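These notes are about the structure you will find just below.
Positions are given from 1 along the sequence. One-based numbering, in listed order, for ligands and for the atoms of each. What you are looking at is a predicted structure, and each value in this text was computed from that prediction instead of being measured.
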Amino acid sequence: MTHPCDLLITNVKIATMQDNGVPYGLIESGAVAVHNGKIVYVGESTKCRYKTNNIIDGSEYLLTPGLIDCHTHLVYGGDRAGEFEQRLQGVSYADIAKAGGGIKSTVKATREAGFDTLFNAAAKRATCLLKEGVTTVEIKSGYGLDLDTELKMLEVANGVGEYLGINVSTTYLGAHALPPEYQNNPDGYIDFVCSTVMPKVAEGQYATCVDVFCESIGFTPEQSQRVFEAAGKLGLKVKAHVEQLSDLKGAVLASQYNALSVDHVEFMNPSDVPSLTKSGTVAVLLPGAFYYLNETQKPPIDAFREHNVPMAVATDLNPGSSPMASLLTAMNMASVFFGLTPEEALAGATVNGAKALGLVTKGVIATGMDADMCLWDVSHPCELAYAINQHRPEQIWIGGKHVVV
Ligand code: DI6
Ligand code: FE
């Protein structure tokens with residue numbers, strides 16, 4: 001007995017990224033059937049009982065889940081190439097921030113930019129990601145800091161998703177930097193974030209998550225905690241930039257609020273890692289920022305492995321510390337700098353990226369999951385983290401629809 005389906009991909013090697021005891025969850029000669037945007041069959045070609053006229057011969061290429069970039073700041077005005085030059089002359093990222101540059105200079109440019117300017121620039125960056133096989137991208141606000149500009153950024157982010165047909169997950173990052181209106185009054189600004197902006201974000205469904213920059217040049221753990229408390233009351237999920245430049249114990253704090261992810265974590269103490277296991281929090285590694293800032297302190301990878309903390313890999317695409325629109329390069333850097341295996345790097349950009357966003361129907365090729373997939377002309381999945389700028393997907397599907405980039 002056969003069943004009808006919308007799409008059948010045959011004669012293909014499949015890195016399912018399912019935990020089935022085989023590296024990459026690999027199926028050597030498989031088939032995938034898709035119906036109504038969902039995967040309805042994955043397994044041996046010979047056992048597939050689905051039928052359609054829409055058959056793609058996978059030519060023995062490799063099928064992977066669509067890639068997931070779970071941490072970006074890709075909506076912003078202006079650029080910071082001048083700061084890049086300053087940093088090359090020895091001025092530190094933190095000193096530039098303290099002198100009013102850094103995030104604050106992008107806030108000025110983003111407030112001044114019109115919707116269309118922001119939209120076009122963001123769509124261009126998102127297209128770079130999509131061309132490399134990114135089918136889901138998280139986009140944060142945080143360069144507006146006032147109500148109107150934060151909502152404008154989130155509207156741009158959601159609009160880019162609709163325009164390109166890619167999945168966008170939005171995060172309100174009001175507690176990113178202190179805006180000029182609240183100079184010397186960080187607690188007053190946190191009041192504004194929690195009482196004025198967050199309720200609007202939740203009510204208008206502008207974003208599903210809330211993020212904070214818990215750092216000496218950002219916000220204190222106490223201020224971060226107030227944001228987490230408010231998020232819980234409004235049904236917004238928690239993510240956090242922690243331990244990027246110093247160890248303020250932000251990761252432990254975020255885990256107490258069941259954070260979906262803690263991001264950067266270079267300065268996290270290995271002894272604090274078990275707190276993440278308890279809350280099921282993902283450690284998001286951002287090797288692009290590590291690279292651009294010439295960082296030497298590496299995240300506690302061995303402790304993450306030992307305590308079964310899922311590791312995701314993302315670009316952190318932003319104008320300051322990581323102007324890098326390439327998730328495959330981030331995967332390569334996570335292997336070279338942090339010692340991830342190519343399999344961990346691919347899991348970081350698929351199954352664990354989905355976990356970091358709380359997306360339960362994405363990140364693996366399995367029955368019942370969304371049909372977001374990429375077909376690559378590679379003979380083994382380890383090639384994706386190994387090579388730089390050599391691979392683009394031959395085909396991309398999002399929700400079962402073939403995407404032409
Ligand atoms: N950490 C980051 O990596 C981005 N934000 C943050 O808190 C960088 C933001 C920037 O430099 O513009
Ligand atoms: Fe970031």
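A salt bridge links E112 with K108: at least one charged nitrogen is closer than 4.0 Å to a carboxylate oxygen. The existence of a salt bridge linking K13 and E383 is excluded, since no basic side-chain nitrogen approaches an acidic carboxylate oxygen closer than 4.0 Å.
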Ligand-protein N/O pairs under 3.5 Å (ligand 1):
| unit_1 | atom_1 | unit_2 | atom_2 | d |
| --- | --- | --- | --- | --- |
| ligand 1 | 1 (N) | Q244 | OE1 | 3.1 |
| ligand 1 | 3 (O) | H264 | NE2 | 3.1 |
| ligand 1 | 3 (O) | D316 | OD2 | 2.6 |
| ligand 1 | 3 (O) | S321 | OG | 3.1 |
| ligand 1 | 5 (N) | H176 | NE2 | 2.8 |
| ligand 1 | 7 (O) | H176 | NE2 | 3.3 |
| ligand 1 | 11 (O) | R80 | NH2 | 2.8 |
| ligand 1 | 11 (O) | Y93 | OH | 2.5 |
| ligand 1 | 12 (O) | R80 | NH1 | 2.9 |
| ligand 1 | 12 (O) | R80 | NH2 | 3.2 |
| ligand 1 | 12 (O) | Y143 | OH | 2.6 |

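With contacts defined as side-chain heavy-atom distances shorter than 4.5 Å, the pair H73/H176 qualifies. Counting heavy atoms from C-beta on, the side chains of F228 and V212 come closer than 4.5 Å. The side-chain heavy atoms of M198 and V227, taken from C-beta on, include a pair separated by under 4.5 Å.
Under the rule for a ring pair (Phe, Tyr, Trp, His ring centres under 6.0 Å), the partners of Y50 that lie at least two apart in sequence or sit in another chain are H3.
Protein atoms of type N/O/S that fall under 2.8 Å from the Fe ion (ligand 2) number 4 in this view.
Under the 6.0 Å distance and 45° angle rule, R125 counts as a cation-pi partner of Y76.
The closest donor-acceptor contact from the side chain of T52 to the backbone of C5 lies under 3.5 Å.
Among residue pairs with one or both ends in residues 90-103, those qualifying as side-chain hydrogen bond (donor to acceptor under 3.5 Å, both in side chains) are S92-D95; sequence neighbours excluded.
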